[in-house]
Amino acid sequence: MEKPAITDYPIHDLLLRRWSPRAFASRPVEAEKLASLFEAARWAPSSFNGQPWHYIVATKDDQASFDRLLNCLRPQNIQWAQHAPVLIIAVAQLSLGEDRGPNRHALHDVGLANENLVLQAVALGLVAHQMAGFFPDKARETYSIPEGYEALTALAVGYPGDPEDLPPEIKARELQPRERKPIRAFVFTDEWGEAWEAEQ
C-alpha cells in the first residue's frame, strides 16, 4: 500500500512516497539493502562532522536478538512492530568527544541520519516507521549503552504489508488520510508569527 502526500508545491518523489506504515510483509530484508540504509545514514551532514549517530539493529534471522529489541518497545507498538523483519534503535552521542564539550546539535544530526536512512528505504522499495514509543532506560540496560549516549528513536523496517492484517484500531489509523500544517503556519518573515507567503 502506498499513501503519497498531497502537496501544495512540487517535491521529490521519495519525499512524496515516504510515510510511516504499521503493516509489514513477512519477507526478510536482504543484508545488502540493510547495509545500504546504514550507508545512507553514514553520509548525513553533522555539526563539525561529528557523526554522533549509532544504531542497534536486530533482524528476525536471529529471533532471540529480535525479541530483545522488541521488548524495548512500548506495548502499543509491539502489537504491529513484531511483524516487521528489522528493528533498530538510534542512539546519539551527546558530546563532541575528546573533552570537546557537549554537542548541542547531536539530536538534530541523528535526526538527519535517520531521515537519510528512511529515504534510502523508500528508494529500495522498503518502508520504515520511526517510533518515540519505546523505553530508553530499558534499551540502555539491555544493550549496556554507556553514559553520554542517549537512545532516541526506535525504527521498524521492512517491505510493505497488508493493512487488513492489522488489529482494527491500528488499521483505522493506517488508512487515515495524511495531514500536515500549511506552510504559512510554520514559516515566518520579519517577526515571529508573520506568515511568509510564496510569490504567486
Side-chain angles (χ1 to χ4, degrees), residues 1-7 11-42 44 53-91 110-136 138-139 142-143 151-180:
M1 172 180 163
E2 292 216 351
K3 199 157 69 167
I6 299 172
T7 64
I11 61 174
H12 195 281
D13 183 62
L14 286 177
L15 299 172
L16 280 173
R17 291 167 43 221
R18 186 227 60 83
W19 70 295
S20 301
R22 296 171 183 84
F24 288 88
S26 59
R27 175 182 171 187
V29 174
E30 299 85 343
E32 183 174 305
K33 286 189 176 183
L34 187 53
S36 289
L37 303 188
F38 294 120
E39 185 69 20
R42 177 182 174 222
W53 44 79
H54 298 265
Y55 293 96
I56 300 165
V57 61
T59 72
K60 282 197 170 172
D61 294 336
D62 182 337
Q63 190 65 49
S65 175
F66 184 89
D67 289 344
R68 284 182 81 208
L69 204 155
L70 183 69
N71 287 327
C72 292
L73 304 185
R74 291 189 177 273
Q76 65 269 29
N77 285 331
I78 289 176
Q79 288 183 76
W80 56 266
Q82 64 183 314
H83 302 295
V86 180
L87 294 176
I88 299 168
I89 293 177
V91 179
V110 174
L112 290 173
N114 285 351
E115 182 71 352
N116 270 22
L117 186 157
V118 166
L119 290 176
Q120 183 65 32
V122 175
L124 294 173
L126 302 166
V127 291
H129 187 121
Q130 299 181 71
M131 294 170 268
F134 77 108
F135 298 105
K138 189 167 185 179
T142 300
Y143 293 102
L152 293 183
T153 313
L155 302 92
V157 178
Y159 286 95
D162 187 347
E164 294 297 328
D165 296 334
L166 294 169
E169 68 280 4
I170 298 177
K171 174 186 168 183
R173 291 164 63 193
E174 191 86 343
L175 299 177
Q176 284 177 340
R178 296 177 62 191
E179 296 180 356
R180 289 294 187 275

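If you read the sequence from its start, that first residue is 1, and numbering goes on from there.
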Heavy-atom side-chain contact between Asn114 and Trp53 under 4.5 Å | no

Could you tell me whether the side chain of Leu117 reaches within less than 4.5 Å of the side chain of Tyr55, counting heavy atoms only?
-> yes

Could you list the residues that satisfy ring pair (Phe, Tyr, Trp, His ring centres under 6.0 Å) with Phe135, not counting sequence neighbours?
-> none

Closest contact, heavy atoms only, Ala128 versus Pro21 = O-CD, 4.1 Å

Would a 4.5 Å heavy-atom cut-off, applied to side chains only, mark Val118 and Leu155 as touching?
-> yes

Distance, nearest 0.5 Å, that separates CG of Leu73 from NZ of Lys138 = 9.0 Å

When you look at Thr59 and Val29, which way does the side-chain contact (heavy atoms from CB on, under 4.5 Å) test go after all the steps?
-> CA-CA 9 Å; Thr59 72; Val29 174; over 6 Å; no

Please check if atom CD in Glu169 has more than 12 non-hydrogen atoms from other residues, nucleotides or ligands closer than 6.0 Å.
-> yes

Pairwise distance CG(Asn71) to CZ(Phe66) - rounded to 0.5 angstrom = 10.0 Å

Considering residues at least two apart in sequence or located in another chain, which fulfil the ring pair (Phe, Tyr, Trp, His ring centres under 6.0 Å) criterion with His83?
-> none

Backbone of Arg22 reached by a side-chain donor or acceptor of Glu174 within 3.5 Å = yes

Taking side chain as C-beta onward, heavy atoms only, is Asn77 less than 4.5 Å from Phe134?
-> no

How long is the span from the CD atom in Gln76 to the CE atom in Met131, to the nearest 0.5 Å?
-> 10.5 Å

All heavy atoms of Ala139 vs all of Ala151, minimum pair found to be CB-CB, 4.3 Å

Arg178 side chain to Lys3 main-chain N or O, any donor-acceptor pair under 3.5 Å?
-> yes

Which residues share a side-chain hydrogen bond (donor to acceptor under 3.5 Å, both in side chains) with Arg42, sequence neighbours left out = Glu39

Nearest heavy-atom approach of Ile89 to Cys72 is CD1-CB, 4.3 Å

Between Pro85 and Pro28 the two heavy atoms that sit nearest each other are CB-CA, 4.0 Å

Which residues satisfy the salt bridge (charged side-chain N to carboxylate O under 4.0 Å, His left out) test with Glu179, sequence neighbours excluded?
-> none

Would you call Leu16 and Thr7 a side-chain contact if the rule is heavy atoms closer than 4.5 Å?
-> yes

Kindly compute the distance separating CG (Leu37) from CG (Leu126), expressed to the nearest 0.5 Å.
-> 6.0 Å

So CG of Leu124 and OG of Ser36: to nearest 0.5 Å the spacing works out to 5.5 Å

Kindly compute the distance separating CD1 (Ile11) from CZ (Arg17), expressed to the nearest 0.5 Å.
-> 11.5 Å

Does some side-chain heavy atom of Arg18 sit less than 4.5 Å from a side-chain heavy atom of Glu115?
-> yes

Which salt bridge (Lys or Arg N to Asp or Glu O under 4.0 Å) pairs, counting each pair once, include a residue from residues 58-71, with sequence neighbours left out?
-> none

Would you give me the side-chain donor-acceptor pairs under 3.5 Å for residues 156-165, sequence neighbours excluded?
from, atom 1, to, atom 2, distance (Å)
Tyr159, OH, Arg27, NH2, 3.2
Tyr159, OH, Glu30, OE1, 2.6
Tyr159, OH, Glu30, OE2, 3.2
Tyr159, OH, Lys33, NZ, 2.9
Asp162, OD1, Glu164, N, 2.9
Glu164, OE1, Lys171, NZ, 2.9
Glu164, OE2, Lys171, NZ, 3.1

Parallel, tilted or perpendicular: which fits the ring planes of His129 and Trp80, with parallel below 30° and perpendicular above 60°?
-> tilted

